[in-house]
Each structure stands twice: as structure tokens, then as C-alpha cells.
Enquirer: 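Pasting a structure here, questions to come.
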Amino acid sequence: MNPVEIEEAVSNLALEPFDRAEFPFQFLRAFGSKDTAIQRLRAGNTNQTDVPGAILQRGNIHIAACDIGGVDETLKALRESPKTASQKAKFILVTDGEVFQAEDMNGGGTVACAYAEFPDHFGFFLPLAGITTVEQIRESSFDIKATGRLNKLYVELLKDNPDWASRSVDMNHFMARLIFCFFAEDTDIFLSGGLFSKTIEQMSARDSSDTHLVMAEIFRAMDTKPENREVAGIKPYARKFPYVNGQLFSGSTECPRFSKIARSYLLHISSLNWKKINPDIFGSMIQAVADDEERGALGMHYTSVPNILKVLNPLFLDDLREKLEEAGDNGRKLLNLRHRMAKIRVFDPACGSGNFLVIAYKEMRSIEAEINRRRGEPDRRSDIPLTNFRGIELRDFPAEIARLALIIAEYQCDVLYRGQQEALAEFLPLDSQNWITCGNALRLDWLGICPPTGTGVRVQAKDLFETPLDQAEIDFENEGGETYICGNPPYKGTKGQTTDQKSELESIFECYDGSFKVLDYVSGWFVRSAEYLRHTFGSAAFVSTNSICQGNQVPVLWPLISSLGSRISFAHTSFKWANLASHNAGVTVIIVGIGVSPEERRLYIEQDGSSVCKVVDNINAYLVPSRNIIVEKSSIPIHGLGQMVLGNQPYEGGFLILDTQELEDLNINSEGREKIIRKIIGSSEVVNGSERYCIWVEDTNRSYAMNIPTVRERIENVRVWRNASSRPATNAMSNRPHQFCEMKSPKSSVMIIPIRSSENRPYLPIGLYDNTATVSNLAYAIYDGDLFNLSIISSRLHLVWISTVCGKLETRFSYSNKMGWNTFPVPTLTEQNKADLTRCAEGILLAREAHFPLTIADLYDPQKMPEDLRAAHERNDEVLERIYIGRRFQNDTERLEKLFDLYTKMVGKGGPKKGKRKAA
DNA sequence: CATCCGACAACAC
DNA sequence: GTGTTGTCGGATG
């Protein structure tokens, strides 16, 4: 269940008559408990309670419904019940149908309210539904509720007005107007409370036939100055509404028709308390309403405030706060800071519903309010112009919402810091300027949308971009100010991009060298930012997929950013992005800030759920606090040791590869097994010791294989499958369906290195196999190589290199021959060195053998690694590291530093030359 | 022709 | 269910 569905279920429960016996089960069901789980609780099987009449679901909640007046006593019993702790209950809850009390057992506070009001606190209990990731959401009950109600209205209106489905821009604008009206009538902006809904209710017919007309008239009034209303013939009932304008009410005032149901939804929504809206949170929730694909996950795509602050704080807010701290009570310094802040622009070129902008605005207002307080000017009008908060958003509805969210944020800040009177006095009419541009950020000219101050910029802009400058060009109140670019642009991988998106990247990258096609879509925002920062003072930071700072993409993107004059000013290493979705495997992201001349570099690392900050001398493109080095992939090993190649690509649709059962089912004799069946080894086989086989038919055995019906059928299936592929190279192989794409085999032995493997092991997995093994495309192989190669790959040094230089899948290791093995810096090895390392490799293999049949997964589990194996690796590291520096390295930082140093020497000075602008 | 990747995907536990 | 950990084949250079 998503939060919106839960809210609805909880609200419905509160409307039903209180049923003491049923309440605990009803409550659990509202939070998504399955019927089977509830039945088992009801039967007592899983009810762990030791309090009479209570229900205790392990790991979840201890809940009781009691006689009237017994709440305090029962709550005490639950709190003191040893079972509450031992069964790890997250909550205790007691109600008698009049009073409702609950406690979060993990120190998250309490709820005490009248029974009828408990749905307002449903956010408190969201962990019951597995939604734990976002702390703020507990205070966002209103936003979830409003999102659910508005969604219902939206769907209903589309049902009643099929023609509006193709007019999404009008529909979105209409919804934004409605939200504004709901907010305005609850905050006295409309002078008398409830003016909007009361007018609709009283002036429109109960059968809803003219609701849209009454509403249109009200909208028309809000777009007409009071002095013109007489002439415009505005109906008297609409004249009570203030003049709002601000683009929100300009343009067509047409409204969709309302059914009776839609009209009642409308009136119901208006009864919510819109004062409580959180414009940052609400916006990101509501934007799913207008998106067919996202509607199922309503309320889930919520970017948490702490994550947004991970971008904004290091980008510029921390600095402002430090300056505030420094200023103390010095009036002059405070004034300077206020002047500076008035000129700061925040620009989010992927702003969605504007939550980065809203949060930046709110945080700045909070700092400004402190300045004004210290200067004894608490009522002072804000010097921070809303027009300095700009965004670009592709989708129309979020763009509307973003604009609205900023307006609401401004009003709420005014109320908070200056008081209701002052806020009201200056709120209307709205500024008619549009700060949120609806369009494609990678096609639009940022300099046009967020023009830097100074001279000559316009000319340079035309030089840089071929995009026509037909966008709104509005002057900023920021002469001499700073610009901070921020946001969470979309990531698409290298393959997930549409043709349009690829061509957008092409238009950005065509004037540079380098193969942009390996880059993630998000890299467009970084390059655009670096270009922009050449023209103005400021910096940029985005949330991004971590892959732009790994493997393949590094040598393309970062030399280019560097050649544009930007450096990494701060970074947050990989962490899981969290939103409200409970099954939020999510993505692993980084935050990277770039600037032209950063004063200091801060590196944030996620540890035990919080970010630890280190001030470092430099942050390189791998987000490592070390020298600026770019490791280019190499097709030959720079160390001159063994050749490592990819295993055999099958391209067989599953017909040539067999598990043990499928091998049995083939029903072939031992001669056949000898001739055409081999063991196949991929990542999982090396790590977990599992067994798979493959049909492996040398051309000389082809007719033999085709004479076995079960084998023939599989081979025929491969032919069909390869023909059906959209990939020409696969089609071309359909004339030899009995074979893999390649047919590489070891003569005597093969070392096999899994491509993907867990990051939790202290050493990389590698297996040594005899010549009966076939290597799959999920592993690399060194065929018939010297054993000391195994020693090197098994070393801590190598793991450190691979984990830094190669790509990752989330945070998994992702081995690469060209990027990791061929580039691995090794000093020239003497024959003695090689002999020593070979002995170390043998030691490792022997130690593993001593624990047969434990697998690599068992042996290298950091908790369970056997002492003798650990000792063998220590010896191996000792011998290898002595070859590098004559002693053991102290830590991984030192290892990496030495490896970078040696790499630089081995590939020669200068390094990669990519990323420069093409000579015209 | 040989990688390298996945706003992942499919397992175990 | 959720924590752990590597499939598979297409796009790419």
C-alpha cells in the first residue's frame, strides 16, 4: 500500500463506529497487514502478548482497545510488558474509542488525541507499513491526505471531461488554481475564511450543472483589477475576491464541468486545513497525479528534505551560516551578509515541483530572519526576492506546482517571521513574472533563463549555444551576486536513453572530443553547469547516479569538466537514495559539487546512516581524496603480465546452458557427455560453487550432436532465437547454432575472475580450474597463465585498485580486464619475485582446499573467514607490498596513493588528452 | 568483435 | 519480505 491508500483506509476506519474487539485488527489492516496475518493473530497463533485482551504482532505493534477511561492504565501495562521489548514492538497503542494514545518505542515520541482525530497522526505509524525511510513524513499527514483527495478529484474530472485529457496544460493550470484557492481561503488571503468554497457551494446549483461557470467567474475576477470589474461585468458574488493575477489567473478561465460527485469532492477537499501544507513535500507528492505512469505510486516519489540538504548545505547554506556565526551581533557585518543574500540566485535546471528551490528559499529566509532579529528589525520585509529562485522543468504540471509552491513558501515565511498582518498586506497581487520555465533543460539556454550579470555575456551565450534565445529574459535583482545551480536531474544509464535524449547529449557534446554515448543522461547537466559557471560567480551541485564517477564514464566526462575550468568542490560518496516507497531497492547515488575555484574541498562519506565530513586537499573524479588522475582503459596490460580475456559469450537464449536437471533430461550416454558437454563457469559458479553445464560442440562433432534428438531440439531453438534477435551480430550466428559466439578453451588450466561480486569480501574472488572448464561471459579468464597472477589478483592492493577505478553495480565490485587488470600498476618483477608470489598463491589455494567443500562465499565471509586462509592472504600481501615499497602499506589510502603514483609513471606523463574543445 | 552496464533483478535467508 | 549479490544480452566504440 502506498501512503495515500493508507491514509484513506485510516480515515475510513475512524468514521466507522468504534468496535472494541475489532479495532486492533482493523487498525492493522488499514496499515496493509495481510488477511492471513490478521487471521493468525486473531487465532492467537502469532499473538505474542502477555497483557490480557491485547494484540502483539512481533516486530510491529502492541495494541489494545480497552474500557472507557482505562487508557492510561492499559498503556502503562503495555509499556511495562516485557514482551513489548522482547518482541521488538515498534509501537504501543491504546484506545477506548474516546481517547487515543500511542508511543513509538524507538524514541520517536508519542501521540495523544481524541479518537476521531487519530487519522491526523497516521504518518506517525507509517513504519507499520514498512515505510521508515523518511523522518519528515510524520509531519506530512496533511500533504498525503491532500494528495489523495486531489487525485480523486483529478480522476473524476477527467472522467467527466474526456476532452480535457488532451488538454493537459489547461487541466494542470486549473489544478494549480484550485490549490491556490484552497490555500488562500484557509489563510485569510481571501479575506474571509472559506470564501472560495462557500461561494461555490452557495452560488452553484446543487446538481452541479453550473459549477464550472461559477468557478470561471471567480477566476475571471481574480484576473481583473477592482477598478475594472464594473466594466468587465464581473458578477457581484465574484467581486469579493481579491485581484491575484501573477499569471496564475491570466489566460483562459474555462473550467472543466463538474459531476455531482466531483462537486462534492471539491467541497470536501476545501474542508481540509490547507494552512498545514508543506510546499516542498506536497509538491513532490502531488506531481504524480498528472502522470499516468506514476499515479500508482502516489505519494511515494518524495525527495526527502535531509537528502536535499545534502546538496544545498555544502553548496552554499553552510557558508551563509558560518558567515552569520562570524558576524555575531556586528550590525555592519550582518548588513553585508543580508546584502549578499539578496543577490544570491538559486537555479534548479531539473526542478520538478520545485522542492530544492523551496527548501533553499526557506533556509535562506531563516538565516535572514536571524539577521533581522539581531539587528532589531524583526518585522522587516524580506530582501530575498522570489525571482532569484529559478527552475526549468520538462513536465507542465510540476512546473505549475513549483511556481505555486514558491508563492506559498514565501507567504508562510512571511507569516512565520513577520506576522500574519505583514504577510497579508504585501501578498497580493502576485508578481506576474514567471520563474519556472517549462521546457527541456538540455535544449534551453541557461544563460537566457538565468542570465548572469556583467557585460558581454549575451554574445558569449550565442557563441556557446545554437539554441535560439526566444525564452523569457527577465532581469535579476542580483547585480554582482552569486549563482548556485542545484537539483536532482534524471539518470537514464547509457542505454535507457531515448533517441531524443541521445540527440540532446549530442548537441551538448558535439563541440568536444570524446565519446559521449557512454555517458549517462545526467552528465548533460554537469557539462551545462560547467559551461554556465564560466560566465558567472557561483557553483553547482547535483544528485547523480554514481556511475558518472566510475569506470568508463570517468575519462570522458571529467577531463571535459576540467577543461571547462571547473573542479570538484565537494562530494558525497555513494549512498542509497530513499523515498517513501517501502520496497525501495532504489538507486545508489552520489552528490557532486563543482566550482571554478573552490576554496576548500569537503568529502562526505556515509557511515552508519549519517554523513561524515572530511576537509581534504583534493577530490578526484573517482571521488577519492587524492591526486587528479584519470585511468584510461587499455587493451594490453601495462604490467606485461598475463592476458585476461572475457569468457565465451553464449547468445543462446538459455538453450545451450544446462543446470544439473536439464543435463539429466538430455538423456545422453557417457560418450556424448565426453564429446559435447562441458562444465561452464561464471560468477556464481566461482563464488558459490554451483554447477552448470553447456552443450559445447566442436565443428567436428556437429553431426554427432544433431543425431541426438534432445540436443538437436535445443540447437534448433538457438537458431530460431538468434534469428529473432534485433541485433545483427546475433542474427549472423544463427548459421552455427550449435556453438557459443566464441569457443575459447584452456589448454591446461584457467584462472577465472567473476565480473560482479559482493563488496563485502576482504579479497576479490578468483578460482583456478582445469581444462575441462568453459568460462562464461560472466567472468574473465587468464588461460594457461602463471600462478603468480593469482597472487596479484588476490591481493588487497588489487582490490583497492579495482574498487576505485572500475565501474560498480550499485556498490558491488565490477571487474574489468581493460579498466582494472590491464591498467594495474605493478613494478617490474624479478624471477625471484615471481617465485615468491607463486608460493603465496599456492598457500592461498592450499588453505582453501583445507576447508573443502566450503565455497568462496563461505570462506571469504568477513565474519567467518578461517584463520589459516586469512594468514595465507596476509603473507601474500606482505610479499607483494614489499615489492612495491619494501614494507607493508599502512592503509588503503596509502595503497591507492602509491598505485596512482606508479600508474602515472608507467603510462607516461600527461595522461589522457580527451575532453578538450575541438579546434574549430 | 569484446566490453560494460543496468532510477536493476532475482535470488536466498 | 527484505537483505544480499550477481543474470543476461544489447548498445557501444
Side-chain angles (χ1 to χ4, degrees), chain A residues 32-34 37 59-60 129-130 132 293-294 297 300-301 303 488-497 499 502 514-522 543-548 550-556 576-579 581-590 633-635 644-654 657 680 682-688 690 692 721-722 724-733 740-742 744 754-761 765 776-781 806-822 856-857 860-861:
Chain A
S33 271
K34 296 263 178 351
N60 242 8
T132 53
E293 283 172 22
E294 281 192 54
M300 294 215 176
H301 291 291
T303 311
N488 179 8
Y491 340 135
K492 298 279 175 182
T494 52
K495 285 182 269 192
Q497 297 172 42
T499 321
K502 282 283 182 203
S515 44
F516 70 91
K517 281 189 177 177
V518 301
L519 294 178
D520 193 289
Y521 191 49
V522 73
V543 184
S544 163
T545 167
N546 58 5
S547 65
I548 63 164
Q550 291 164 1
N552 236 357
Q553 300 194 35
V554 170
V556 184
K576 276 218 189 290
W577 194 243
N579 57 29
S582 53
H583 303 289
N584 171 3
V587 295
T588 306
V589 299
I590 52 175
K633 64 170 127 180
S634 165
S635 47
M644 184 186 290
V645 295
L646 191 69
N648 300 287
Q649 293 271 10
Y651 287 103
E652 41 75 68
I657 293 178
I680 186 164
S683 292
S684 178
E685 287 73 23
V686 173
V687 172
N688 300 315
S690 50
R692 287 158 93 204
W721 184 87
R722 285 184 183 165
S725 167
S726 61
R727 179 175 173 262
T730 305
N731 302 147
M733 286 188 300
F740 282 29
C741 176
E742 299 147 293
K744 284 174 291 199
I755 289 190
R756 289 289 167 46
S757 65
S758 166
E759 70 276 28
N760 294 324
R761 299 189 186 106
S776 88
N777 63 325
L778 301 170
Y780 287 99
C806 289
K808 296 260 174 74
L809 179 55
E810 292 198 335
T811 47
R812 258 20 39 83
F813 296 139
S814 198
Y815 202 95
S816 154
N817 58 349
K818 290 192 170 183
M819 278 182 301
W821 174 246
N822 289 350
I856 288 196
Y860 287 85
D861 182 324

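First the proteins, then the strands, lettered A, B, ... as listed; each starts at 1. Below, all heavy atoms of this structure are taken into account, side chains as well, without hydrogens, waters or symmetry copies. Quantities reported herein were computed from a predicted structural model and do not represent experimental measurements.
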Enquirer: Of the nucleotides dC5(B), dG10(C), dG6(C), which one has an atom closest to the side chain of S684(A)?
Expert: dG6(C)
Enquirer: Quick one: CD1 on I590(A) to OG on S544(A), what's the gap to the nearest 0.5 Å?
Expert: 4.5 Å
Enquirer: Taking the side chain of E742(A) as heavy atoms from C-beta outward, which of dC4(B), dG6(B), dA2(B) is closest to it?
Expert: dA2(B)
Enquirer: Measure from the side chain of L809(A), starting at C-beta and using heavy atoms only, and say which of dA2(B), dC5(B), dG6(B) lies closest.
Expert: dG6(B)
Enquirer: Nearest whole angstrom, please: distance from the P of dT12(C) to the CD of Q553(A).
Expert: 12 Å
Enquirer: Could you check whether K633(A) and N552(A), counting side-chain N and O atoms only, form a donor-acceptor pair closer than 3.5 Å?
Expert: yes
Enquirer: Give me the distance, rounded to whole Å, that separates dA9(B) from dC5(B) when you measure between the C1' atoms they each carry.
Expert: 14 Å
Enquirer: Given dG10(C), dC4(B), dC8(C), identify the nucleotide with an atom nearest to the side chain of Y780(A).
Expert: dC4(B)
Enquirer: In whole angstrom, give the distance that lies between atom NZ of K517(A) and atom P of dC4(B).
Expert: 18 Å
Enquirer: Of all the nucleotides listed (dA11(C), dG9(C), dA7(B)), which has the minimum atom distance to the side chain of E652(A)?
Expert: dG9(C)
Enquirer: Atom SG of C806(A) and atom OH of Y815(A): how far apart are they, to the nearest 0.5 Å?
Expert: 7.0 Å
Enquirer: Does S757(A) place a side-chain N or O at less than 4.0 Å from the phosphate oxygens OP1/OP2 of dG6(C)?
Expert: no
Enquirer: Within the structure shown, what part of the strands sits under 4.0 Å from N760(A) by heavy-atom distance: base, sugar-phosphate, or nothing?
Expert: sugar-phosphate
Enquirer: Can you measure N552(A) atom CG to dA11(C) atom P for me and round it to whole angstrom units?
Expert: 17 Å
Enquirer: Given 3.5 Å as the limit, does a donor-acceptor pair link the side chain of S634(A) with the main chain of N822(A), or not?
Expert: no
Enquirer: Where the side chain of Q649(A) is concerned, which of dT3(B), dC8(B), dG13(C) is the nearest nucleotide?
Expert: dT3(B)
Enquirer: Which part of the nucleic acid, if any, lies within contact of P728(A), taking any heavy atom under 4.0 Å across all strands shown: a base, the sugar-phosphate backbone alone, or nothing?
Expert: nothing
Enquirer: Could you tell me whether G653(A) contacts a base, only the sugar-phosphate backbone, or nothing, with contacts defined as non-hydrogen atoms closer than 4.0 Å?
Expert: sugar-phosphate
Enquirer: Under 4.0 Å between any heavy atoms, over every strand shown, what does V687(A) touch: base, sugar-phosphate, or nothing? Just pick one.
Expert: sugar-phosphate
Enquirer: Within this structure, what is the OH-to-C1' distance between Y815(A) and dC5(B), rounded to whole angstrom?
Expert: 18 Å
Enquirer: I'd like to know if the side chain of E685(A) and the backbone of R692(A) have a donor-acceptor N/O pair within less than 3.5 Å.
Expert: no
Enquirer: Within the side chain of Q649(A), is there an N or O that forms a donor-acceptor pair under 3.5 Å with the backbone of C741(A)?
Expert: no
Enquirer: Between protein and nucleic acid, restricted to nucleotides 11-13 of chain B and to nitrogen or oxygen atoms under 3.5 Å apart, what atom pairs and distances do you find?
Expert:
none

Enquirer: Just do the side chain to side chain contact (heavy atoms under 4.5 Å, CB included) check on E742(A) and L646(A) with the steps written out, would you?
Expert: CA-CA 10 Å; E742(A) 299 147 293; L646(A) 191 69; 5.8 Å; no
Enquirer: Checking all strands, does N488(A) fall into the base, sugar-phosphate, or nothing category for heavy-atom contacts under 4.0 angstrom?
Expert: base
Enquirer: Rounded to the Å, how far apart are W821(A) CH2 and dC4(B) C1'?
Expert: 19 Å
Enquirer: When rounded to the nearest Å, what value does the distance between C1' atoms of dA10(B) and dG6(B) take?
Expert: 14 Å
Enquirer: Figure out the CG/C1' separation between N777(A) and dC1(B), and round it to whole Å.
Expert: 14 Å
Enquirer: Distance from T730(A) atom OG1 to Y651(A) atom OH, nearest 0.5 Å?
Expert: 5.5 Å
Enquirer: With sequence neighbours excluded, tell me which residues meet side-chain hydrogen bond (donor to acceptor under 3.5 Å, both in side chains) with K517(A).
Expert: none
Enquirer: Could you tell me whether a side-chain N or O of N777(A) sits under 3.5 Å from a main-chain N or O of G647(A), the two making a donor and an acceptor?
Expert: no
Enquirer: Answer yes or no: does a side-chain N or O of K808(A) lie under 4.0 Å from OP1 or OP2 of dC4(B)?
Expert: no
Enquirer: Using modelled atom types and a 3.5 Å cut-off, is there a donor and acceptor pairing between side-chain atoms of N546(A) and backbone atoms of V589(A)?
Expert: no
Enquirer: Of the nucleotides dG13(C), dG6(C), dC4(B), which one has an atom closest to the side chain of N817(A)?
Expert: dC4(B)
Enquirer: What's the closest nucleotide to the K495(A) side chain, out of dC8(C), dT5(C), dA11(C)?
Expert: dA11(C)
Enquirer: To the nearest 0.5 Å, what is the distance between OG (S515(A)) and CD (Q553(A))?
Expert: 10.5 Å
Enquirer: Has S758(A) got a side-chain N or O lying under 4.0 Å from the OP1 or OP2 atom of dG6(C)?
Expert: no
Enquirer: Mind calculating the distance between NZ (K576(A)) and P (dG6(B)) to the nearest angstrom?
Expert: 13 Å
Enquirer: Looking at dG9(C), does its base get a donor-acceptor pair with the side chain of R722(A) below 3.5 Å?
Expert: no
Enquirer: Of all the nucleotides listed (dC8(B), dT3(B), dG13(C)), which has the minimum atom distance to the side chain of V645(A)?
Expert: dT3(B)
Enquirer: State the dot-bracket string of DNA chain B. Criteria: Watson-Crick or G-U wobble, both atom distances under 3.5 angstrom; notation: ( ) intrastrand, [ ] crossing earlier pairs, | interstrand, . unpaired.
Expert: ||||||.||||||
Enquirer: Across the strands shown, which category fits S547(A) at heavy-atom distances under 4.0 angstrom: base, sugar-phosphate, nothing?
Expert: sugar-phosphate
Enquirer: Closest nucleotide of DNA chain B for L778(A) versus for A729(A): which of these residues is on the 5' side?
Expert: A729(A)
Enquirer: Whether N688(A) contacts dG6(C) is assessed here as follows: a side-chain N or O lying under 4.0 Å from the phosphate OP1 or OP2. Is that the case?
Expert: yes
Enquirer: Nearest whole Å is fine: how far is dT3(B) P from R727(A) CZ?
Expert: 14 Å
Enquirer: With a 4.0 Å cutoff (strictly under), does any side-chain N or O of K502(A) reach OP1 or OP2 of dT12(C)?
Expert: yes
Enquirer: Has N817(A) got a side-chain atom pairing as donor or acceptor with M644(A)'s backbone, closer than 3.5 angstrom?
Expert: yes
Enquirer: So if I take every side-chain heavy atom of Y651(A) and compare against dT3(B), dC8(B), dC5(B), which nucleotide ends up nearest?
Expert: dT3(B)
Enquirer: Give me the distance, rounded to whole Å, that separates dC8(C) from dA12(B) when you measure between the P atoms they each carry.
Expert: 13 Å
Enquirer: Closest nucleotide of DNA chain C for T811(A) versus for G654(A): which of these residues is on the 5' side?
Expert: T811(A)
Enquirer: If each of V518(A) and P650(A) is mapped to the nucleotide of DNA chain C with the nearest heavy atom, which maps nearer the 5' terminus, i.e. the 5' end?
Expert: P650(A)
Enquirer: Assuming nearest nucleotide by heavy-atom distance, tell me which of N546(A) and K818(A) is located more 5' along DNA chain B.
Expert: K818(A)
